Asks: 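Take a look at the following structure, please.
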Amino acid sequence: MIKARKQDFNARVWNKIKRIPKGRVTTYWEVARALGSPRAVRAVGNALGRNLLAPQVPCHRVVKSNGGIGGYSGGLEIKIKLLAKEGVSVKNGKISGFNEIFYKF
DNA sequence: ACGACGGCCCTCG
DNA sequence: ACGAGGGCCGTCG
């Protein structure tokens with residue numbers, strides 16, 4: 001259970017990730033930066049990791065800053081699968097054409 | 001209030 | 001290229 005505050009940090013993250021178009025990916029760093037704190041990448045990952053945002057948010061569309069997959073609470077395999085289904089190819093745990101599908105806010 | 005954890009990032013050896 | 005350490009932010013116990 002998470003304390004339901006008036007729009008938690010998670011809500012902000014989720015709101016942004018939510019608007020990420022299909023076949024596109026973003027990075028924790030970009031999200032954190034969009035929130036106003038590029039150093040808060042840990043908080044962002046934490047928010048997503050808690051699944052607080054649930055399936056309503058495509059957390060799998062969020063990858064690492066170097067084009068890596070990162071991680072996934074339900075299973076990294078699932079994340080890769082989801083990406084693949086959306087047209088995002090993954091090579092050796094890295095996004096194929098990451099810079100091409102990278103969605104900038 | 002304090003300490004610890006986390007799907008991280010960056011810098012240094 | 002690889003490994004280890006530090007840092008910053010937020011939430012939980």
Side-chain angles (χ1 to χ4, degrees):
Chain A
M1 270 300 287
I2 297 141
K3 296 171 154 189
R5 254 199 246 158
K6 32 183 169 157
Q7 292 197 341
D8 284 296
F9 194 85
N10 335 18
R12 286 174 257 186
V13 181
W14 140 52
N15 190 31
K16 290 178 190 288
I17 296 171
K18 218 173 37 179
R19 70 194 220 172
I20 298 175
K22 193 178 101 177
R24 238 37 177 287
V25 291
T26 189
T27 69
Y28 297 102
W29 185 72
E30 197 61 40
V31 175
R33 191 173 65 89
L35 294 173
S37 298
R39 301 295 204 256
V41 330
R42 327 200 51 161
V44 174
N46 203 358
L48 293 167
R50 271 170 182 188
N51 278 358
L52 170 68
L53 321 174
Q56 54 189 316
V57 178
C59 323
H60 59 271
R61 282 184 194 155
V62 187
V63 295
K64 300 201 354 185
S65 44
N66 69 322
I69 303 298
Y72 200 62
S73 311
L76 190 55
E77 311 277 324
I78 308 300
K79 185 170 182 175
I80 298 172
K81 265 190 176 174
L82 288 165
L83 289 169
K85 285 171 92 164
E86 297 194 344
V88 180
S89 306
V90 179
K91 286 287 204 195
N92 287 343
K94 300 261 168 73
I95 301 292
S96 238
F98 159 66
N99 113 337
E100 297 283 309
I101 61 178
F102 175 60
Y103 180 77
K104 206 168 174 189
F105 293 108

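Source: prediction; values computed, not measured. Convention: sequence-line order gives letters A, B, ...; per-chain numbering from 1.
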Asks: Over how many whole Å does the gap from A/Ile80 atom CD1 to B/dG7 atom P extend?
Replies: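 Distance, rounded to whole Å: 16 Å.
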Asks: Quick check on the hydrophobic clustering: are A/Ile69 and A/Val88 connected, directly or via other members, by side-chain heavy-atom contacts under 4.5 Å?
Replies: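 Yes, same cluster.
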Asks: Within the distance-only criterion (no hydrogens, no angle test), does the side chain of A/Ser65 pair as donor or acceptor with the backbone N or O of A/Trp29 below 3.5 angstrom?
Replies: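 Side chain of A/Ser65 to backbone of A/Trp29: no pair is present.
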Asks: With a 3.5 Å distance limit and no angle check, can you tell me whether A/Asn66 reaches the backbone of A/Gly68 through a side-chain donor-acceptor pair?
Replies: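 Judged by distance alone, yes, a pair lies under 3.5 Å.
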Asks: What is the distance from CD1 of A/Ile17 to C1' of B/dG7, rounded to the nearest Å?
Replies: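 For the pair A/Ile17 CD1 and B/dG7 C1', the rounded distance is 11 Å.
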Asks: Is there side-chain contact between A/Cys59 and A/Ile17, with heavy atoms separated by less than 4.5 Å?
Replies: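 When only atoms from C-beta onward are counted, A/Ile17 and A/Cys59 do not touch, as no gap falls below 4.5 Å.
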Asks: For a 4.5 angstrom cut-off between non-hydrogen side-chain atoms, does A/Thr27 reach A/Phe98?
Replies: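 Side chain of A/Thr27 against side chain of A/Phe98, heavy atoms only: contact under 4.5 Å found.
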Asks: If hydrophobic clusters are built by linking Ile, Leu, Val, Met, Phe, Trp and Tyr wherever their side-chain heavy atoms come under 4.5 Å apart, do A/Tyr103 and A/Ile101 end up in the same one?
Replies: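 No; tracing contacts between hydrophobic side chains, which count when under 4.5 Å, never links both residues.
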Asks: Heavy-atom contacts under 4.0 Å between residues 84-105 of chain A and DNA chain C, which residues?
Replies: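 When residues 84-105 of chain A is checked for heavy atoms under 4.0 Å from DNA chain C, there are no hits whatsoever.
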Asks: Can you list the stems that DNA chain B is part of, where a stem is at least 3 pairs in a row, each Watson-Crick or G-U, with both distances below 3.5 Å?
Replies: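 The stems that DNA chain B takes part in, listed by first number, are B:2-6 with C:9-13, B:8-13 with C:2-7.
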Asks: Compare all side-chain heavy atoms of A/Arg24 with those of A/Lys104 and state whether any distance is below 4.5 angstrom.
Replies: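 Contact flag for A/Arg24/A/Lys104 side chains = no.
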Asks: Under 4.5 Å between side-chain heavy atoms, counting indirect links through other Ile/Leu/Val/Met/Phe/Trp/Tyr residues: same cluster for A/Phe105 and A/Leu48 or not?
Replies: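 A/Phe105 and A/Leu48: one cluster.
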Asks: Quick check: are there more than 12 heavy atoms from other residues, nucleotides or ligands sitting under 6.0 Å from CZ of A/Arg19?
Replies: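 Yes, because the 6.0 Å sphere around CZ of A/Arg19 holds more than 12 heavy atoms from other groups.
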Asks: So if I take residues 63-78 of chain A and measure heavy-atom distances to DNA chain C, which residues fall below 4.0 Å?
Replies: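 By residue number: none to list.
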Asks: A/Glu86: what forms a salt bridge (charged side-chain N to carboxylate O under 4.0 Å, His left out) with it, not counting sequence neighbours?
Replies: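 Applying salt bridge (charged side-chain N to carboxylate O under 4.0 Å, His left out) to A/Glu86 gives A/Arg61.
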Asks: Can you name the side chain to side chain contact (heavy atoms under 4.5 Å, CB included) partners of A/Gln56, sequence neighbours left out?
Replies: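 A/Gln56: side chain to side chain contact (heavy atoms under 4.5 Å, CB included) contacts with A/Trp14, A/Ala54.
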Asks: For DNA chain C, which residues of residues 27-49 of chain A approach it to below 4.0 angstrom with any heavy atom?
Replies: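 Only A/Arg39, A/Ala40, A/Arg42, A/Ala43, A/Asn46 qualify.
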Asks: Would you mind reading off the distance between A/Phe9 atom CZ and B/dG6 atom P, rounded to a whole angstrom?
Replies: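 Rounded to whole Å, this separation is 18 Å.
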Asks: Can you tell me if A/Lys18 has over 12 outside heavy atoms packed within less than 6.0 Å of its NZ?
Replies: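 Yes.
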Asks: Does A/Lys16 use its side chain to pair, donor to acceptor, with the backbone of A/Leu35 at less than 3.5 Å?
Replies: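 No; judged by distance alone, with no hydrogens or angles, the pair does not exist.
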